[in-house]
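Here is the structure we will look at, set down as structure tokens.
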Number of protein chains: 2
Amino acid sequence: MLKQPPSFEEYLPHLAYDSVIFGFNGSELKILVLEYHNTGLFALPGGFVKRYEDVDAAAKRGLWERTGLDNIFLEQFYTFGNFSRSRPDIMRTILEANGFEVPDDYWILDRFISIAYYALINYDEVMPKPDELSDNINWYPVDNLPKLMMDHQLIVEKALLILRENLDKKLVGMNLLPPKFTMQVLQKVYEAILGEKLRRTTFQRKMLTLDLLVRHEKLFSGGAHKAPYLYSFKHKMAVQTAEDAILSN
Amino acid sequence: MLKQPPSFEEYLPHLAYDSVIFGFNGSELKILVLEYHNTGLFALPGGFVKRYEDVDAAAKRGLWERTGLDNIFLEQFYTFGNFSRSRPDIMRTILEANGFEVPDDYWILDRFISIAYYALINYDEVMPKPDELSDNINWYPVDNLPKLMMDHQLIVEKALLILRENLDKKLVGMNLLPPKFTMQVLQKVYEAILGEKLRRTTFQRKMLTLDLLVRHEKLFSGGAHKAPYLYSFKHKMAVQTAEDAILSN
DNA sequence: ACCCTATTGTCTCATTTTGTTACATTAATA
DNA sequence: TATTAATGTAACAAAATGAGACAATAGGGT
């Protein structure tokens with residue numbers, strides 16, 4: 001009924017990646033969380049690294065498998081390497097709930113070090129698809145997540161800190177928004193990430209003086225008020241993989 | 001004549017750490033580089049992770065083994081996971097130059113992912129000691145390093161970028177300087193890390209208004225000029241391991 | 001003892017950046 | 001056509017930073 005579980009020969013032992021995939025729906029910052037069949041366990045999407053595969057490529061592959069998106073911002077931000085983070089009991093629960101026979105020495109029950117990535121994607125373009133171990137994958141607001149298994153809550157918190165630190169450097173807005181957007185929406189991205197209100201006029205002035213935006217036609221949204229301009233980012237920033245980032249930083 | 005090489009049973013396969021250990025001698029930023037016996041190969045100090053050991057603990061242990069220092073600033077900053085970074089030919093050279101018989105399937109010749117750390121230490125307190133594979137370990141100015149093996153030059157460059165980014169956040173000076181120091185020396189640390197000259201008066205005003213320093217007695221160094229005050233940092237910042245940093249960030 | 005020199009600590013003023021408020025503009029609606 | 005609410009920008013205040021001036025002072029030289 002189910003495919004074979006991942007085989008020992010194909011993957012590096014003890015090594016995994018997990019991804020915190022951020023999206024923005026216009027008002028809230030969300031991340032993708034998957035739920036495993038018949039277990040009530042929620043987890044970040046993650047996977048294993050093939051024996052001859054770059055770790056970055058593994059994370060990129062996993063993202064593509066789950067979202068169908070290929071050219072997106074994806075950056076490694078931390079590696080979780082505590083011995084106690086590994087939970088063979090939980091891994092066994094997940095595998096058995098999927099009908100696998102799990103030998104005691106099965107490699108997935110071993111200790112795992114996880115290299116964590118965060119991705120920024122345009123919420124509208126994504127139709128997440130579950131894999132064979134999970135029965136669904138959904139967007140959840142970062143401040144209202146289900147209880148995540150193992151240390152995944154910690155991984156999310158660290159990702160949020162890093163995202164805040166990189167907010168200006170990495171032109172986060174460009175990666176979370178559609179190509180054209182209003183100043184108000186851009187401000188809401190910033191507010192959602194920082195978790196605080198910003199002053200409208202100061203924000204607008206700041207963004208405009210940074211000289212990163214191009215102004216386009218107005219957006220007539222139907223509201224009984226002056227129509228805002230649409231903007232886009234001036235320079236199409238190359239999508240960064242973590243390795244690019246080292247050089248471009 | 002030589003001890004046994006590291007054994008497969010004791011360590012996690014495919015996983016290593018490397019440390020960029022920064023020190024400041026009063027005018028230049030330096031790092032510790034080791035040279036392997038009879039090979040002309042220069043490398044960052046690194047090592048392997050024991051099967052039941054936290055990765056942070058492994059890096060800490062390695063630092064202690066090489067410097068004798070125990071309570072120092074040590075923070076993980078990046079994980080290098082490209083397949084092509086591993087160089088079994090070079091590892092073989094190093095092992096054979098030390099008189100080891102190296103079987104073709106020896107685990108150290110496999111692919112390795114390296115978790116990189118940077119450390120900040122008080123240059124004066126350190127008497128580096130070589131391990132059994134290296135014949136010496138020495139301070140080198142960051143802008144005048146010997147040619148490093150594999151991707152270690154890249155690791156250093158990434159460490160420097162991270163150090164610059166964290167210069168203010170992490171109170172770097174506290175970790176690179178002796179307990180009491182003059183404003184001039186503090187400024188030189190900043191200049192060495194940033195790689196640029198700073199304005200004396202602006203720097204002094206900035207540091208004082210940050211309200212982080214305590215002023216002590218003057219330092220009569222023997223120069224024919226007004227004696228500068230000595231300063232120390234107000235709050236003894238707890239030494240951070242990478243795991244602490246997640247929470248304290 | 002007295003001047004000279006180099007460095008230090010602080011002050012002042014100019015410039016830039018940011019905070020805050022005000023106000024005219026304008027798209028839809030009644 | 002007046003009303004309403006969001007928008008773009010200007011204007012002024014406050015804060016931060018840049019740049020220079022200057023008095024204080026620990027030695028050295030005479």
Side-chain angles (χ1 to χ4, degrees), chain A residues 24-28 164-165 167-169 171 173 177-234, chain B residues 24-28 164-165 167-169 171 173 177-234:
Chain A
F24 183 72
N25 71 348
S27 66
E28 271 186 317
R164 272 174 204 146
E165 285 177 13
L167 185 51
D168 292 313
K169 277 180 289 195
L171 296 182
L177 291 173
K180 290 182 180 178
F181 47 86
T182 63
M183 193 61 80
Q184 195 192 42
V185 172
L186 182 60
Q187 183 175 342
K188 289 204 165 158
V189 174
Y190 273 69
E191 290 177 340
I193 292 173
L194 295 174
E196 60 180 332
K197 286 282 171 194
L198 299 176
R199 216 160 273 281
R200 182 181 66 90
T201 55
T202 308
F203 180 80
Q204 172 137 329
R205 179 176 51 193
K206 186 65 172 248
M207 283 299 135
L208 293 177
T209 58
L210 285 179
D211 199 33
L212 293 170
L213 300 178
V214 186
R215 177 176 286 181
H216 299 281
E217 75 280 4
K218 291 191 170 192
L219 170 69
F220 299 93
S221 58
H225 52 76
K226 189 173 177 178
Y229 288 106
L230 285 169
Y231 297 88
S232 67
F233 284 93
K234 226 175 199 172
Chain B
F24 183 71
N25 71 348
S27 65
E28 271 185 317
R164 273 175 204 145
E165 285 177 13
L167 184 51
D168 291 312
K169 277 180 289 195
L171 295 183
L177 292 173
K180 289 183 181 179
F181 48 86
T182 64
M183 194 61 79
Q184 195 192 42
V185 172
L186 182 60
Q187 184 176 340
K188 289 204 165 160
V189 173
Y190 272 70
E191 291 176 338
I193 291 173
L194 294 174
E196 61 181 332
K197 286 281 170 194
L198 299 176
R199 215 158 273 283
R200 182 180 66 89
T201 55
T202 307
F203 180 81
Q204 172 137 330
R205 177 176 52 191
K206 186 65 173 253
M207 284 298 136
L208 292 178
T209 58
L210 284 178
D211 199 34
L212 294 169
L213 300 178
V214 185
R215 178 177 284 180
H216 300 280
E217 73 281 6
K218 290 190 171 195
L219 170 69
F220 299 93
S221 58
H225 53 75
K226 187 172 177 178
Y229 288 105
L230 285 169
Y231 297 88
S232 66
F233 284 92
K234 223 172 197 173

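Labels below follow one simple rule: chain letters A, B, ... track the order of the sequence lines, proteins then strands, and each chain is numbered from 1. For the numbers below, each heavy atom of this structure counts, side chains included, while hydrogens, waters and symmetry mates do not.
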Subject >> Under 4.0 angstrom between B/Gln184 side-chain N/O and C/dT7 OP1 or OP2 >> reply: no
Original post:
When you measure from every atom of DNA chain D, which of residues 190-210 of chain B have a heavy atom less than 4.0 Å away?
Top reply: B/Arg199, B/Thr201, B/Thr202, B/Arg205, B/Lys206
**OP:** For B/Leu219 and B/Lys180, run side chain to side chain contact (heavy atoms under 4.5 Å, CB included): C-alpha distance rounded to whole Å, both residues' side-chain angles, the deciding distance at 0.1 Å, then the answer.
**Re:** CA-CA 10 Å; B/Leu219 170 69; B/Lys180 289 183 181 179; over 6 Å; no
**OP:** Go through the steps for A/Tyr190 and A/Phe24 under the test ring pair (Phe, Tyr, Trp, His ring centres under 6.0 Å), then give the verdict.
**Re:** CA-CA 10 Å; A/Tyr190 273 69; A/Phe24 183 72; over 10 Å; no
**OP:** Spell out, as yes or no, whether a donor-acceptor pair under 3.5 Å connects the side chain of B/Gln187 to the backbone of B/Gln204.
**Re:**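 Flag not set: sc B/Gln187 to bb B/Gln204 has no pair under 3.5 Å.
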Subject >> Set of side chain to side chain donor-acceptor pair (under 3.5 Å) partners for B/Glu196, sequence neighbours left out >> reply: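 If we apply the side chain to side chain donor-acceptor pair (under 3.5 Å) test to B/Glu196, skipping adjacent residues, there are no hits.
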Original post:
Heavy atom of residues 217-231 of chain B under 4.0 Å from DNA chain C: which residues?
Top reply: B/Ala224, B/His225, B/Lys226, B/Pro228, B/Tyr229
Original post:
Less than 4.5 Å apart, any side-chain heavy atom of A/Leu212 and any of A/Met207?
Top reply: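 No. Closest side-chain heavy atoms not under 4.5 Å.
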Subject >> A/Met183 and A/Pro228, any side-chain heavy atoms less than 4.5 Å apart >> reply: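 Of all side-chain heavy-atom pairs linking A/Met183 with A/Pro228, none is under 4.5 Å.
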Subject >> Gap separating the OH atom of A/Tyr231 from the OG1 atom of A/Thr182, nearest 0.5 angstrom >> reply: 9.0 Å
Original post:
Just how far is it from atom NZ of B/Lys206 to atom CG of B/Asp168, taken to the nearest 0.5 Å?
Top reply: 7.0 Å
